[in-house]
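Report on one structure; see the data block that follows.
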Amino acid sequence: MVTLDAVHASNTALVQSQPLVAVFFGGTSGIGHYTLSALATAEGSRSGKGLRAYIVGRKAQAAENIIAECRALCGHANAEFIFIQATDLSLLRDVDRVCAEILSLEEAKSQNPRIDYLMLTQGGAPFQPRKDTKEGLDITMSLMYYSRMRALTKLLPLLTQSPLPATIISVFAAGFEGKLYADDLSLRNPELYSYTQARSHMIYMHTWFMETVAERNPEKLRLVHIFPGLVLGPAFQNPELPAWFRVLWRWVFVPLFGRLVSVPAGECGARMLDLASMRYPARGGEGGGDGDVVTGTDGTPGSGVYSLGWKGESNINLKAYEKFDQLEMRATVWDHTMKAFETIEAGDVFKD
């Protein structure tokens, strides 16, 4: 386990290393909000060198409240918080619009435009039946996989300009791999689709897509897929969740077990920020620092792509991946995902 002392030390080193540029998809609630607050706190209390944060979300009022909070936490003028309003991030065309706005703003604001830290937490309510967007993707799989990888690829020109190197974090369900139907990655067969099965597909696809990105951008990126633990936040009262789940959650689980098994919001945010530390080096890059280099998804330390549990330790289920030809599946997932991107960008409906 990475101790909280080590977490705070690495966060101090991060904000003192250089002025930082960060982007938070889903930054107006939950873990995105907690991590942004942790960054603002570190920047303000640890004599940071400057911060510019782009906050992507749907709710302008929530963004205004969070920006006011972060300005107070930061406590100095050399910090800028910019709200980018999203309409529906399950649609790749909306992701493209948001990314284009970030690219344009960052290039206008800096002589050295870049992104040092990208957090992807956009998502929807689990346990729902399949429902396709007008672009042809299941809404759950789009929010938690396709739109996140689309944001990653669209922002690569800025991410690869970070000297740190850049940290990319997707918060979901790393380590919970189950079955995979390699000939139906988007689960078109209604007999195969369930939330649990979709979750398993998205975990595998995160790993293989990120490994390809890391291989194509050596020494430039550290890519993390993380299960954050149980973090009590607004997502669990999402009205799209089944009523039975919300009732049991609010009146049974939280009162009886919440404090015993949950990760406090402040600790969660600090640990998410710590993923930019040298414990998680880029592929082919240098690592080390206050802790040991963490094992990557290919089973070797410091491989540049990491599947993590909430304590910051590797939870990669290597046995689950031994069933597959890794090179073949990386190519299959990459080609499938890029075909979805290209089809939708052309204005067509993705059907594979």
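Values below: every heavy atom of this structure, side chains too, minus hydrogens, waters and symmetry copies. All values derive from a computational prediction rather than experimental measurement.
- Within the structure, every pair that satisfies the side chain to side chain donor-acceptor pair (under 3.5 Å) test and touches residues 98-113, not counting sequence neighbours, is listed here: Arg52-Glu106, Tyr54-Glu106, Glu80-Lys109.
- Between the side chains of Thr300 and Asp298, a donor-acceptor pair is found at a separation under 3.5 Å.
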Dump the intermediate steps for side chain to side chain contact (heavy atoms under 4.5 Å, CB included) on Thr297 and Glu211, then the final yes or no.
-> CA-CA 8 Å; Thr297 54; Glu211 287 179 343; 2.6 Å; yes

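- Residues passing the ring pair (Phe, Tyr, Trp, His ring centres under 6.0 Å) test with Phe81: none are found, sequence neighbours excluded.
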Could you give the side-chain donor-acceptor pairs of residues 14-28 under 3.5 Å, partners two or more places apart or in another chain?
from  : atom 1 : to     : atom 2 : distance (Å)
Gln16 : NE2    : Arg46  : O      : 2.8
Ser17 : OG     : Leu14  : O      : 2.6
Gln18 : NE2    : Asp116 : OD1    : 3.2
Gln18 : NE2    : Asp116 : OD2    : 3.3

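- Residues that satisfy the salt bridge (charged side-chain N to carboxylate O under 4.0 Å, His left out) test with Asp352, not counting sequence neighbours, are Lys339.
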Could you check Thr337 against Thr153 for side chain to side chain contact (heavy atoms under 4.5 Å, CB included), going step by step and ending with a plain yes or no?
-> CA-CA 11 Å; Thr337 306; Thr153 55; over 6 Å; no

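- For Trp334, the ring pair (Phe, Tyr, Trp, His ring centres under 6.0 Å) test picks out Phe209, with sequence neighbours left out.
- In this structure a side-chain-to-backbone donor-acceptor pair under 3.5 Å is missing from Tyr145 to Ala198.
- When the options Thr35, Ile169, Val171 are evaluated for a side-chain contact (heavy atoms from CB on, under 4.5 Å) with Pro228, the one that passes is Val171.
- When atom types are taken as modelled, the side chain of Ser147 and the backbone of Ser142 share a donor-acceptor pair closer than 3.5 angstrom.
- A single hydrophobic cluster is seen to contain both Phe227 and Met149, as judged by linkage of ILVMFWY side chains at heavy-atom distances under 4.5 Å, directly or through other members.
- Leu120 and Ile82 fall within the same hydrophobic cluster, where Ile, Leu, Val, Met, Phe, Trp and Tyr residues are linked whenever their side-chain heavy atoms come under 4.5 Å apart, directly or through other members.
- Using a 4.5 Å heavy-atom cutoff, the side chains of Leu155 and Ile168 are not in contact.
- Residue pairs that meet the salt bridge (Lys or Arg N to Asp or Glu O under 4.0 Å) test with at least one member in residues 182-196, sequence neighbours left out, are Asp132-Arg188.
- Side-chain contact, Ser186 with Tyr146: no donor N or O sits under 3.5 Å from an acceptor N or O.
- For His8, there are no ring pair (Phe, Tyr, Trp, His ring centres under 6.0 Å) partners at least two apart in sequence or on another chain.
- Counting only distance, with no hydrogens or angles, the side chain of Ser194 and the backbone of Gln197 share a donor-acceptor pair below 3.5 Å.
- The hydrophobic clustering, which links ILVMFWY residues whose side-chain heavy atoms are closer than 4.5 Å, places Met144 and Leu91 apart.
- Counted by atom type alone, Asn189 and Tyr181 present zero donor-acceptor pairs between their side chains at under 3.5 Å.
- No continuous path of ILVMFWY side-chain contacts below 4.5 Å connects Leu73 to Val7, so the two sit in separate hydrophobic clusters.
- Between the side chain of Arg271 and the backbone N or O of Val2, at least one donor-acceptor pair lies under 3.5 Å.
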Walk me through it: do Glu69 and Asn65 pass the test side-chain hydrogen bond (donor to acceptor under 3.5 Å, both in side chains)?
-> CA-CA 6 Å; Glu69 170 197 310; Asn65 295 340; over 6 Å; no

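- Within the 4.5 Å cutoff, no side-chain heavy atoms of Arg130 are placed close to those of Pro190.
- A donor-acceptor distance shorter than 3.5 angstrom exists from the side chain of Glu135 to the backbone of Arg93, with no hydrogens or angles considered.
- Taking Phe324 as the reference, Tyr204, Trp208 meet the ring pair (Phe, Tyr, Trp, His ring centres under 6.0 Å) condition, with sequence neighbours excluded.
- With rounding to the nearest 0.5 Å, the separation of CD1 in Ile115 from SG in Cys99 is 8.0 Å.
- Side chain of His206 to backbone of Met202: a donor-acceptor contact under 3.5 angstrom is found.
- Interatomic distance, CG of Leu39 versus SG of Cys74, reported as 7.5 Å (0.5 Å rounding).
- Annotation: salt bridge (charged side-chain N to carboxylate O under 4.0 Å, His left out) contacts of Arg150 (sequence neighbours excluded): Asp96, Glu345.
- Panel note: side chain Ser200, backbone Leu180; no donor-acceptor pair is recorded below 3.5 Å.
- Annotation: side chain to side chain donor-acceptor pair (under 3.5 Å) contacts of Tyr117 (sequence neighbours excluded): none.
- With sequence neighbours excluded, no residue forms a side chain to side chain donor-acceptor pair (under 3.5 Å) with Tyr306.
- By the 4.0 Å N-to-carboxylate-O rule, Asp94 lies close enough to Arg97 to be salt-bridged with it.
- The side chain to side chain donor-acceptor pair (under 3.5 Å) pairs that include a residue from residues 212-224 are Thr167-Arg222, where partners are two or more places apart or lie in different chains.
- The aromatic rings of Phe172 and His225 lie parallel to each other, with less than 30° between the two planes, well short of the 60° mark.
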